[in-house]
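Take a look at the structure below.
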Amino acid sequence: MRQSWWKILAIALLLYTLIAGLLMEAPRLPILNETIRALHFHVTMWFGMILMLVVAVYYSIKYLRTNDIRNDDLAIEFTNSAILFGVLGIVTGMLWAKFTWGDYWSGDPKQNAAAIGILMYFAYLILRNSLTDSQQRARIGAIYNIFAFAAFIPLIFVLPRLTDSLHPGNGGNPGFNAYDLDSKLRAVFYPAIIGWTLLGSWIATVRVRMRRVERTIEDRMINS
Amino acid sequence: MWKEISVLISKEVTLEWRQKFALNGILLYVVSAVFITYLSVGAKQGNISSPTWNALYWIIILFSAVNAVAKSFVQEHQGRQLYYYMIASPEAIILSKIIYNTGLTLILALLGYGVFSVILGNPVQDQGLFILNLVLGAMGFSASLTMVSGIASKAGNNATLMAILSFPVIIPILLMAIRISKNAMDGLDWNVSMDKLITLLAINAIVAVTGYILFPYLWRS
């Protein structure tokens with residue numbers, strides 16, 4: 001119970017997100033209409049992705065300092081979960097864009113930046129797979145992970161803000177604060193961020209355990 | 001530290017001068033690339049619109065820079081790298097390579113600019129801003145590409161890896177540089193571009209500092 005309270009919390013928060021996010025009263029607004037509910041399923045993906053990337057970078061730094069392969073397991077799996085969230089974020093965003101902007105891809109700066117960010121992390125996976133020695137893979141993977149994150153931050157947070165974006169909250173489009181006068185959306189949005197991030201971490205930790213079990217079995221086979 | 005760096009830079013220059021084929025090769029690469037674009041777009045002098053000019057110019061510089069910098073960790077043998085490892089600090093090595101590659105990229109960019117002006121026309125109205133932007137762009141390209149070429153050299157150094165690792169990392173720098181150079185072409189006031197110049201400088205600094213911190217770990221492996 002001590003170990004699994006956060007998994008129960010994740011399930012509870014996600015059930016709440018699904019039920020409240022889909023059924024609750026949402027502000028009626030022109031253009032957005034009911035698609036404003038995408039806030040709980042699309043925007044939260046990016047929050048979850050960034051939080052998990054921060055965790056992955058933390059473990060990459062820790063790996064470089066300690067050379068403990070266990071830190072690398074956490075770094076790669078948190079990145080994997082973050083990539084999953086990123087892809088889901090792009091797909092949900094495209095669906096939403098189809099109904100509000102009229103096209104799946106409108107060349108919006110944030111959309112482009114997100115796609116480039118995903119490319120960066122796909123390159124990270126390919127780099128890792130091109131290295132065969134596990135210690136070297138971990139070390140060079142960690143170095144690129146930190147380096148990519150340093151380039152990812154200006155890409156996501158700085159560049160899109162320098163030009164007009166179609167996203168709510170940019171380029172004269174009213175944002176979250178302007179829509180949400182009675183904070184009804186926030187009551188679902190914040191728990192949704194926590195819920196999705198916990199789910200991502202759960203996926204990551206399960207995969208970390210699988211990785212470690214596989215390694216132990218391999219070692220045993222080699223040593224026996 | 002600075003003495004070490006200047007010695008390493010002069011070593012890079014000497015090495016480049018001795019193997020002139022590499023330098024000449026990359027210079028020829030720029031000229032041929034510009035010529036291919038010129039023939040492909042079928043533009044007679046001055047007929048090409050300035051955003052297209054800008055985009056073509058920066059794409060050519062990007063590819064030439066990737067090719068020029070990609071060799072920075074391969075042209076020397078493993079044995080000699082071990083020798084450097086013993087006599088120089090990794091910080092000095094990465095800084096000297098970044099500075100040297102900045103110079104190399106800048107030469108490429110200026111050459112490309114010259115050839116572009118001659119055969120495709122020169123729509124740039126504010127030369128000072130354009131050149132300043134080239135310097136900043138060359139710094140950013142070289143800082144990120146040097147680090148990525150170090151990473152790629154550890155991973156068997158194949159060209160695909162170099163490209164896929166560097167392109168996403170370099171896009172923020174490329175986008176800023178393209179925007180500033182558009183402003184320079186339109187001859188806008190420097191105040192308009194000031195915040196973009198500062199952003200570009202900040203991105204360069206982030207990339208260079210990250211490379212500087214991470215390179216010792218890469219060098220040791």
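Reckoned from all heavy atoms, side chains included, excluding hydrogens, waters and symmetry mates. Chain naming here is simple, since letters A, B, ... match the order of the sequence lines and numbering starts at 1 in each.
Within the 3.5 Å criterion, the main-chain N or O of Leu218(B) finds no donor-acceptor partner in the side chain of Arg139(A).
For Arg211(A), the CZ atom counts as densely surrounded, since its 6.0 Å shell holds more than 12 non-hydrogen atoms of other residues, nucleotides or ligands. Summarising the local packing, CZ of Arg212(A) is surrounded by more than 12 heavy atoms from other residues, nucleotides or ligands at distances under 6.0 Å. Within 6.0 Å of the CZ atom in Phe167(B), the count of heavy atoms belonging to other residues, nucleotides or ligands exceeds 12. Atom OH of Tyr58(A) has 12 or fewer heavy atoms from other residues, nucleotides or ligands within 6.0 Å.
In this structure, CG on Leu155(A) lies 8.0 Å from CG on Leu175(B), to the nearest 0.5 angstrom. Distance check: Leu174(B) CG to Ile116(A) CD1 gives 9.5 Å after rounding to the nearest 0.5 Å. Here the straight-line distance linking atom OH of Tyr217(B) with atom CG of Leu64(A) works out to 6.0 Å at 0.5 Å rounding. Expressed to the nearest 0.5 Å, how far CD1 of Ile206(B) lies from CZ of Phe149(A) amounts to 11.0 Å. Atoms OG1 and CD1, from Thr210(B) and Ile146(A) in turn, are 9.0 Å apart once rounded to the nearest 0.5 Å. Put simply, CD1 on Ile213(B) and CD1 on Ile143(A) are 12.5 Å apart, with the number rounded to the nearest 0.5 Å.
Ranked by heavy-atom pairs under 4.5 Å with chain A, the first of Leu165(B), Leu214(B), Ile171(B) is Leu165(B).
Both the backbone and the side chain of Ser144(B) come within less than 4.5 Å of a heavy atom of chain A. For Leu127(A), the parts lying near chain B are the backbone and the side chain together; criterion is any non-hydrogen pair under 4.5 Å. Using a 4.5 Å cut-off between heavy atoms, Ile164(B) contacts chain A through both its backbone and its side chain.
When every heavy atom of Pro172(B) is checked against every heavy atom of Ala151(A), the shortest pair comes out as CG-O, 4.0 Å. Closest approach of Gln136(A) to Lys154(B), counting heavy atoms only: NE2-O, 3.7 Å.
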key: Stepwise side-chain contact (heavy atoms from CB on, under 4.5 Å) check, Phe147(A) with Val169(B)   = CA-CA 8 Å; Phe147(A) 192 65; Val169(B) 174; 3.8 Å; yes

